[in-house]
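Note on naming: letters A, B, ... go to the chains in the order of the sequence lines (proteins, then strands), and numbering restarts at 1 for each one. Just the heavy atoms: all of them, side chains too, but no hydrogens, waters or symmetry mates, feed the values below. Small disclaimer: the values here were computed from a predicted structure and weren't measured.
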Amino acid sequence: MKPVRVRFAPSPTGALHIGGVRTALYNYLLARKHNGTMILRIEDTDQNRYVPGAEEYIINTLNWVGIQIDEGVGKGGPHAPYRQSERKSIYKQYAQQLVDEGNAYYAFDTEQDLETMRERLKAAGDANQQYGSGSRMQMNNSLTLKKEEVDNKLAAGDAYVIRLKVPANQEVRLTDLIRGEVVVNSSQIDDKVLMKSDGMPTYHLANVVDDYLMKISHVIRGEEWLPSAPLHVLLYQFLSWQNEMPQFAHLPLLLKPDGNGKLSKRDADRMGFPIFPLNWTDPATQELATGFKESGFLPEALINFLAFLGWNPGTEKEIFSMTELVEAFSIERIGKAGAKFDIQKSQWFNQHYLRAKPDKELADYLLASLTSEGISCSNEKAEKICFALRERITFPHDLWEQGKIFFSAPTTFDEQIVSKKWNLDAVRTLSGFIDAIKTTQPHSADSIKSSLEKVTGELGIKTGQILQALRMSLTGGASGPDLMLTMEILGAVETVNRIKYALDNLKAKGS
RNA sequence: GGUCCGUUCGUCUAGGGGUUAGGACACCAGAUUUUCAUUCUGGUAACACGGGUUCGAUUCCCGUACGGACUACCA
C-alpha cells in the first residue's frame, strides 16, 4: 500500500469556514492514523478573490485546533512551493502537453461569444448549454481556426484560455470511498477551462497536477466537488497518471441548523453562533465576525464536535481526544448524508471539556476577565469562585458573568423573590443571622450553616423557607452557586453589609 | 431545466432481511440537593412514500416525492 499522503487545500479567499476545519480534521486523522503525511497547500489561483491575511488565518486556525502540518505552506518540504500561484510554470507545462497531444485546445472566445452560444443552445432546446463536443466546433478556437491563424493570435498576444477536449459520450467512472461507484457520461462534462487568460490554471488542472506531483494518496474534500470529480479522472487519464490517481472521498456537507441548505455565514449570524474558528475582520468592510475561540469554545470541544458531524466510531463513546480520534478514525465510517449544525450539541461538548479542567485553569479565565474589568483578586479567591461555579458553566466567560456577584453588591433585588419570600420570618432570621455571623468562627461554609440553623432553630423557622430571601439579599438574584460557599467567599464583613443593605432597603415591604 | 448525491426520533447518529429499532444532545417528569445548578432515574419521540423480491422488509431492487450540491476564465 502506498504511503498515506493527504492534503488540505483551502483557497485564501477569506476566513476559513468551519466546514473547512472539519475537512482538514478528517485529512489529518487519516494521515496520523496511518503514519502518513499531512500537507497544507494553498490554492490561490484566483487573483481576484485573494484576501490578504487569509493564509495566515488558515495557519493560525490549524494551530489553534491542534492540526499539525507536516509539509506545505509555512513548513516547506520536498515538493515546494506549496502555494499554487508560485507553481504557474508547472501547470503551463502540463497544459501544453495536453494541447500537444490533442486533449486540449486554445480558445479565443470573448465573454460575449460565450453568452451568444448559450443563448443559441437554449433557443435550440438543448438541456444544458455547455462548451463541449456539441458546440465547440462553432466557436472561436484552435479546433476551428486554421493553424496559422492560431499561431498569429498567439504570437500577437491575444487573450486565450486552454480548454480540455472532453470526449463525447464516454462513461467516466470513479470509486468514491464514501459513496461507492459514481458513473457520469462525459457528454455531461463541458470543455472546462484549464488555463485562464491571466496565465493561471483553474482549480481543476492545478489540483490534479499537484496531487499527482505531491504523491497524494487520498483526496478528502467536500461533496461540492463530486460533480467535477469525473473531470479530474479524465485529466488523470489524459496525463497517463491513472495508475497514480488518488482515492477520492467526498464528505457530506455541513447544513444549516434549520431548514435545509449549506451552512453559511448568513445563517450563523442570523442564529447567533460563530461560523469561523477565530475572529475575522473582513479587510474590505472592516466587519468583525466572532470566532469559535473568542466565543469561548475550547479547541478540544470543537474538534470532538466536528469529528462527530458526519462520522462516528460505531460505539457509544462520544468523548474523544484528538489522539483517540486518530485511533478510532476510518473513512468507511463517514456517513453519506449532510449533517445539520447542532449548536446545542457543540455547547454540550464545550461544557464537558470545560468542567474537566482543574480549578486553577478555570481561575486563569476568571482572572483574565477580572483584569480587563480592572478588578484585582487573589488566585486563591479566584479558584474558590471557580470551584463554586464549575458545575454551572458552559463557556469560560460564564465564570465572570456568574462570578461578578462576588465583586459587586446588589443594588436591586429580584421582584418575584421579594414579593414571594421577603416576609417577616425572613427579616427576623436575617436580623439575627447578622449578629450570629460576626461571631462565627471560622468563617467557613460549614460553620456558617450551623450558625444559620441555630438562628432559625431559635426562631422556630424552617431554614429552607428563608434561603431564597437570603440569597436574594446577598446577590440580588434567585439563583447562583451554593449559598454557604457564597458567604464563605464573600467574607463575614461583606456578607453582613449586604444583608444589612437588603434589610434597610426592603424593610417597608417586609414588615 | 440538466447531471450527480442523499433521506432512521426535533438534531447528531447506531443498526440491519425476523430487534421492545439502541445511544447522545435538546425537551418533559420524578428523586436527591432545607434555594438554584449539578447528579441520578424515568419519559415523549424516528425507519419519506409507492411498488416489487421474500415466508418475512426499516434493511435488497425499482420508481416517486422531498432535500442538497454542481451547472464561471471561483475554488
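Distance check on atom C1': C36(B) versus A46(B) gives 35 Å, rounded to whole Å. Between the C1' atoms of G2(B) and C9(B), the separation comes to 35 Å (whole Å). Nucleotides C25(B) and U32(B), compared at atom P, are 23 Å apart to the nearest Å. The same atom, P, is picked in G52(B) and in C73(B); the two are 48 Å apart, to the nearest Å. The same atom, P, is picked in C28(B) and in G63(B); the two are 45 Å apart, to the nearest Å.
Residue-level contact check: D44(A) touches neither bases nor backbone, having no heavy atom under 4.0 Å from any strand. T456(A) comes within contact range of no nucleotide atom at all, as no heavy-atom separation falls under 4.0 Å. The residue E453(A) sits close to a base: some heavy atom pair falls under 4.0 Å. At the heavy-atom level, K421(A) lies nowhere under 4.0 Å from the strands shown. The residue V193(A) sits close only to the backbone: its heavy atoms come under 4.0 Å of sugar-phosphate atoms, none of a base. Using a 4.0 Å heavy-atom criterion, one finds that S11(A) contacts the sugar-phosphate atoms exclusively. Within the 4.0 angstrom heavy-atom criterion, base atoms lie near D482(A). Looking at heavy-atom distances under 4.0 Å, K336(A) makes contact with sugar-phosphate atoms alone, never a base. Residue contacts for L253(A): at a heavy-atom cut-off of 4.0 Å it reaches the sugar-phosphate backbone alone, with no base atom in range.
When Watson-Crick and G-U wobble pairs are counted only if both distances are under 3.5 Å, C74(B) pairs with no nucleotide at all. Within the shown strands, nothing qualifies as a pairing partner of U58(B) under the Watson-Crick or G-U definition with both distances less than 3.5 Å. Pair assignment for G6(B): C66(B), on the basis of Watson-Crick or G-U wobble contacts that are both within less than 3.5 Å. Remark: C27(B) base-pairs with G43(B). Criterion, Watson-Crick or G-U wobble with two distances under 3.5 Å.
Taking the six-membered ring for Trp and thresholds of 30 and 60 degrees, F292(A) and F297(A) have ring planes more than 60 degrees apart, a perpendicular arrangement. Using cut-offs of 30° and 60° for the angle between ring planes, the F248(A) and H250(A) rings count as parallel.
Partners of F305(A) by ring-ring contact (aromatic ring centres under 6.0 Å, His included), not counting sequence neighbours, listed by chain and number: F341(A). Contacts of H204(A) classified as ring-ring contact (aromatic ring centres under 6.0 Å, His included), with partners at least two apart in sequence or in another chain: H232(A).
L467(A) has its CG atom 7 Å from the P atom of U35(B), to the nearest Å. Taking atom CG on N350(A) and atom C1' on C25(B), their separation rounds to 14 Å, with Å as the unit. Put simply, CG on L251(A) is 16 Å from P on A69(B), counting in whole angstrom units.
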I'd like a table of atom pairs between the protein and nucleotides 39-45 of chain B - only N or O on both sides, under 3.5 Å - with the distance next to each one.
from, atom 1, to, atom 2, distance (Å)
U39(B), OP1, R355(A), NH1, 3.3

Could you list the protein-to-nucleotides 9-13 of chain B atom pairs, N/O on both sides, closer than 3.5 Å?
from, atom 1, to, atom 2, distance (Å)
U11(B), O2', D342(A), OD2, 3.4
C12(B), OP1, K340(A), N, 2.9
C12(B), O2', F308(A), O, 3.0
U13(B), OP1, G310(A), N, 2.7
U13(B), O3', N312(A), ND2, 2.8

Restricting to nitrogen or oxygen on both sides, can you table the protein-nucleotides 60-67 of chain B pairs closer than 3.5 Å?
from, atom 1, to, atom 2, distance (Å)
G67(B), O2', N260(A), OD1, 3.4

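Contact annotation: side chain of R392(A) to base of U38(B), donor-acceptor pair absent below 3.5 Å.
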Exercise answer: donor-acceptor pairs, residues 223-230 of chain A side-chain atoms, under 3.5 Å, sequence neighbours excluded:
from, atom 1, to, atom 2, distance (Å)
S228(A), OG, W225(A), O, 3.2

Kindly indicate, with the supporting measurements, whether the criterion ring pair (Phe, Tyr, Trp, His ring centres under 6.0 Å) is fulfilled by Y57(A) and W280(A).
CA-CA 8 Å; Y57(A) 182 95; W280(A) 170 256; 5.2 Å; yes

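Among A75(B), U34(B), C73(B), the nucleotide with an atom closest to any side-chain atom of R118(A) is C73(B).
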